[in-house]
Amino acid sequence: MDFKRLREKSELKKSKSFDDEKDLKEIIKKAKKGDQKAFQELVEKFKAQVASIAYKMIGNYEDAKDISQIVFVKTYQNLNRFDTSKKLSTWLYRITINASIDFIRKHKKHRHEALESVGGELREKKSNVERAYQRNLIKWAIKKAMAVLNEKQKSVFVLRDLEGLDIKEVAEITSMPQATVRWYLHRARSKLRDELLRHYSGILEGSGIKYGM
Amino acid sequence: MGCKKIKKLILNYWDLTDQEKECFEEHLKDCPSCAKEFDFYHNSMEMIKQSFEFEVGENFWERYESALSKKLSKVATKSLILSWVEDFFQFLKTPIIGPLPTYLFSILIVLLFLIGLYPAFNSKSFSKRFENNLVIHEGEIFSTIDDGEVTIYLLEKK
Ligand SMILES: [Zn+2]
């Protein structure tokens with residue numbers, strides 16, 4: 001394991017996510033006064049991140065699209081209540097997480113069935129396109145493993161480990177103390193690892209990931 | 001740090017301070033068992049990240065934008081109507097002549113309304129008065145009853 005390279009990667013991500021806050025505040029002020037163009041700019045700036053978080057929470061592009069649009073409509077309706085001294089991204093991500101959780105609650109039963117059928121389909125296609133199959137199978141296994149996480153575990157895992165936000169920001173978004181965030185993170189990570197080890201280690205091995213006991 | 005402690009930290013490697021990370025890495029250099037476990041976890045995580053990478057084409061954003069702008073304009077119209085309603089109520093709340101409180105204003109409205117209705121309440125007695133044919137003769141009011149050929153004059157009021 002090359003630790004130096006690992007760290008450099010994370011530093012790069014940090015500097016990338018650092019926004020020009022002052023510029024952004026001006027746009028928010030304009031949008032608050034009802035400037036449509038300014039609001040459009042905000043959408044442009046955040047749509048990929050919002051849709052990406054929704055996708056990681058739900059695992060489906062079309063639903064992620066709908067959810068992120070709900071987020072922007074809600075933002076549009078409530079922007080006058082936004083405190084400009086705070087970070088807009090924190091506010092937006094909180095709405096995104098909440099909208100995703102709402103969606104999961106509404107579609108719980110239906111989603112479970114959908115995942116099952118994808119798994120069956122993939123098993124049949126094995127002889128056809130081996131590599132694409134392998135890739136899809138890993139995706140399926142991971143989505144299936146993610147399903148064991150509860151709402152809070154999933155939210156913190158998505159924000160911290162998949163989106164790369166720092167724990168302080170995750171705590172603000174989820175309105176939880178940092179220690180609680182750390183606890184849920186630890187639960188999420190160990191649950192995921194155990195799930196992958198127990199049920200899908202064969203699939204992961206096909207991709208080169210080995211874990212010999 | 002011993003293996004037991006290190007194994008607990010494997011899941012939280014990314015949350016460690018730089019100093020903790022160094023200790024951790026030192027241990028992994030000399031401990032294949034912990035290193036193996038870390039590798040598995042780290043690789044699985046990379047795999048998870050990859051499978052949740054948000055990759056969409058131009059087409060996605062085109063459809064996204066047109067759907068969103070429709071939803072937003074719908075909301076904008078709704079909020080415009082709402083703001084009109086709000087403005088109207090705001091107008092009712094603001095005093096028209098000096099600091100006239102709302103309840104006084106509404107009492108005034110009710111009074112004006114009742115005054116307007118007054119003739120309707122009295123219309124029956126009004127018409128009764130004119131039921132008979134009245135004739136004024138030398139400052140005196142007579143009511144008349146037609147009986148075919150003769151007309152009878154009755155003194156009504158002096
Ligand atoms: Zn060890």
Side-chain angles (χ1 to χ4, degrees), chain A residues 1 3 6-7 10 34 36 39-40 43-44 47-49 51-56 59 61 64-66 68-70 72-73 76-77 135-136 138-143 145-146 157-158 160-162 164 166-167 182 185-186 188-190 192-193 196-197 200-201 204 207-213, chain B residues 7-18 21-29 32-57 59-76 78-80 82-83:
Chain A
M1 186 62 54
F3 286 107
L6 275 183
R7 282 203 213 169
S10 86
Q36 301 275 340
F39 187 79
Q40 205 56 47
V43 172
E44 205 52 48
K47 66 180 184 188
Q49 281 160 291
S52 161
I53 291 176
Y55 173 66
K56 288 169 172 89
Y61 283 113
K65 189 185 81 182
D66 292 343
S68 78
Q69 294 191 342
I70 291 172
F72 284 118
V73 169
Y76 184 82
Q77 287 170 318
R135 218 176 25 236
N136 280 332
I138 290 164
K139 264 194 179 179
W140 169 77
I142 284 165
K143 278 181 187 174
M146 284 280 278
F157 180 77
V158 163
R160 169 71 182 138
D161 287 358
L162 299 186
D166 54 39
I167 289 184
R182 280 176 200 276
L185 261 179
H186 187 82
R189 289 163 180 167
S190 60
L192 264 178
R193 183 195 54 187
L196 288 172
L197 264 175
Y200 311 106
S201 53
L204 294 181
S207 69
I209 295 181
K210 284 196 180 84
Y211 181 62
M213 283 302 206
Chain B
K7 283 193 166 131
K8 268 188 188 166
L9 291 181
I10 285 176
L11 294 177
N12 304 324
Y13 172 78
W14 292 111
D15 307 331
L16 299 180
T17 61
D18 284 348
K21 270 181 190 161
E22 257 164 51
C23 275
F24 182 89
E25 288 155 19
E26 273 310 305
H27 178 95
L28 255 62
K29 271 181 199 160
S33 158
C34 286
K36 206 174 207 174
E37 220 171 287
F38 179 77
D39 273 2
F40 174 80
Y41 182 68
H42 180 76
N43 290 336
S44 315
M45 281 298 286
E46 282 301 306
M47 188 78 68
I48 292 174
K49 275 185 206 168
Q50 268 172 36
S51 38
F52 278 100
E53 211 121 313
F54 188 71
E55 288 163 326
V56 289
N59 180 38
F60 179 89
W61 291 120
E62 270 167 31
R63 283 188 299 126
Y64 187 97
E65 240 126 75
S66 72
L68 182 61
S69 67
K70 261 182 216 159
K71 281 178 195 169
L72 283 178
S73 69
K74 218 183 201 175
V75 175
K78 225 188 246 174
S79 69
L80 188 67
L82 254 170
S83 77

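Lettering of chains follows the sequences in order, A, B, ..., and the numbering in each one begins at 1.
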### Message
Using heavy-atom distances under 4.5 Å, tell me whether B/K8 contacts chain A through its side chain, its backbone, both, or neither.
### Response
backbone

### Query
Side chains of B/F52 and A/I142: closer than 4.5 Å at any heavy-atom pair?
yes

### A/Y55 side chain reached by B/V56 side chain, heavy atoms, under 4.5 Å
no

### Message
I'd like to know which of A/S52, A/G34, A/A48 tops the heavy-atom pair count under 4.5 Å against chain B.
### Response
A/S52

### Summary
Applying a strict 4.5 Å limit to non-hydrogen atoms, the region of A/A51 in contact with chain B is both

### Task
Below 4.5 Å from any heavy atom of chain A, which atoms of B/Y64 appear? Answer side chain, backbone, both or neither.
both

#### Entry: Heavy-atom contact with chain B under 4.5 Å, split by part of A/Q77
side chain

### Option in B/N12, B/V75, B/D18 with maximal non-hydrogen atom pairs under 4.5 Å from chain A
B/N12

### Task
Give, for atom CD of A/Q49 and atom CZ of B/F54, the distance between the pair rounded to the nearest 0.5 Å.
11.0 Å

### Under 4.5 Å from any heavy atom of chain A - which part of B/E53
backbone

### Query
Looking at side-chain heavy atoms only, is the closest gap between A/L185 and B/W14 below 4.5 Å?
no

### Task
Compare every heavy atom of A/L162 with every heavy atom of B/K49, then report the nearest pair and how far apart it is.
CG-CD2, 3.8 Å

## Note on the structure
Among A/Q36, A/E44, A/Q40, A/K65, the residue with the most heavy-atom pairs under 4.5 Å to chain B is A/K65

### Task
Would you please classify the geometry between the B/F60 ring and the A/Y61 ring as parallel, tilted or perpendicular, with 30° and 60° separating the classes?
perpendicular

### Query
What part of A/I70 lies closer than 4.5 angstrom to a heavy atom of chain B: side chain, backbone, both or neither?
neither

### Query
Can you find a pair of side-chain heavy atoms, one from A/K47 and one from B/W61, that are under 4.5 Å apart?
yes

### Query
How many angstroms lie between atom OG of B/S44 and atom CZ of A/R193, to the nearest 0.5 angstrom?
9.5 Å

### Message
Is there a side-chain contact between A/R160 and B/D15 in this structure, where contact means two heavy atoms from C-beta onward sitting under 4.5 Å apart?
### Response
yes

### Query
Is it the backbone or the side chain of A/V43 that comes under 4.5 Å from a heavy atom of chain B, or both, or neither?
side chain

### Task
Please look at A/F72 and chain B and tell me whether the side chain, the backbone, both or neither of the residue comes under 4.5 angstrom of a heavy atom of that chain.
both

### Task
Heavy-atom distances under 4.5 Å only: say whether B/A76 touches chain A with side chain, backbone, both or neither.
both

### Query
How about B/I48 and A/D161: do any of their side-chain heavy atoms sit closer than 4.5 Å?
no

